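For reference, the structure discussed in these notes is given below.
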Amino acid sequence: MASSFHTLSHLTTKTTPIRFSQINQSPLKNPLIYFPVKSSNFPLRFPAISISKSSLNFTPKSALMAKSEKDYSNVDVLDSEEQVAFELAKFSANLSDYFVNERGAFTVVVSGGSLIKSLRKLVEPPYVDSIDWTKWHVFWVDERVVPKDHPDSNYKLAYDGFLSKVPIPPGNVYAINDSLSAEGAADDYEAGLKQLVKTNILATSPTSGFPKFDVMLLGMGPDGHVASLFPGHPLLKESQRWVTSINDSPKPPPERITFTFPVINSSANIALVVCGSGKAAVVKTALSGDQSSDMLPVQMVSPEGELKWFLDKEAAAML
Ligand SMILES: O=C1O[C@H](COP(=O)(O)O)[C@@H](O)[C@H](O)[C@H]1O
């Protein structure tokens, strides 16, 4: 199925999304090399986690640890959300340099919600000037099926807070086709991703066969949802599709599309960015390794590559 992306004609943009077929697909330097990059220099490290996911027939690396073996080495607790934003910018810029150098492109997946505000330091010096934005390819881990100028649109949120401020080529911004139904938009987005795999902009994981993005920058809801994958929802078990639709999202608006867990967990790098006291209890449950706790979607995030949590003090208060 041919894929399409809508042009946002009513906005004057530096980064207007266009149809997949219009993308300038220049050959990549080294399309097959994907290495997770270990970030460093984060101020505070905890000793770490063990999480049970056996109830979902899912065996994350952490589940292989002994129960008592806590390892919080991938959890960074920063003094404030401002510090989180600084560290997230440093993390993203380092990965950008690495992947642009290795393969001539950088595939970045963003969520909606509070994450976008935490990207604000990327659009300030030194990063705004030092990053090779022309090599960025931007995707959404989930999107609400609303027009792109609607207040609920994750595209609009990212455009207003981030994309409008950096010179990413318009053809490298992959928004949904908002003229389709949720199901149609999910099919269309998946077809678009498959097209990008064919042109080596997007790699696939040799292990899973699913697309392997260089980095996913994800938020988490107060109920532990990530992307539009909500607690107890059957979509948590989706194992075939790359992108799927949901018509009964418990958080409005109800109609959305979302990447599935096999795609999320094929990533080379994932940053989970969580701030505020309202999420402290879920952070504690997610990182506690409490075998008796009900499964939270965030506990199913277990990438092939690296997972790093960025927490402010408030979100980490119950650890
Ligand atoms: O509905 C959504 O919510 C989550 C979490 O949002 P936050 O504002 O609590 O950080 C977000 O990650 C997702 O992309 C969005 O569609």
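Everything quoted here is computed from the prediction, not taken from an experiment. Any value given below was found using the heavy atoms of this structure, including those in side chains, with hydrogens, waters and symmetry copies removed. Read the numbers this way: they start at 1 and go in the same order the structure lists the ligands and their atoms. In what follows, residues are counted from 1 in the order of the sequence shown.
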Among Trp242, Trp140, Phe213, the one residue meeting ring pair (Phe, Tyr, Trp, His ring centres under 6.0 Å) with Phe259: Phe213
Backbone N/O of Cys275 and side chain of Asp312: donor-acceptor pair under 3.5 Å: no
Check: Glu81/Ser118 side-chain N/O donor and acceptor closer than 3.5 Å: yes
Joint hydrophobic cluster, Val146 plus Ile246, side-chain heavy atoms closer than 4.5 Å: no
Sorted by chain and number, the residues that approach ligand 1 to under 4.0 Å with a heavy atom: Ser111, Gly112, Gly113, Ser114, Asp142, Arg144, Asn154, Gly219, Met220, Gly221, His225, Ala227, Lys251, Arg256, Lys279
Met318 reachable from Val75 in the ILVMFWY side-chain graph, under 4.5 Å edges: no
Mind listing the side-chain donor-acceptor pairs of residues 227-234 below 3.5 Å, one per line with the distance, residues two or more places apart or on another chain?
residue	atom	partner	partner atom	Å
Ser228	OG	Asp142	OD2	2.7
Ser228	OG	Arg256	NH1	2.8
His233	ND1	Leu235	N	3.0
His233	NE2	Asp248	OD1	2.8

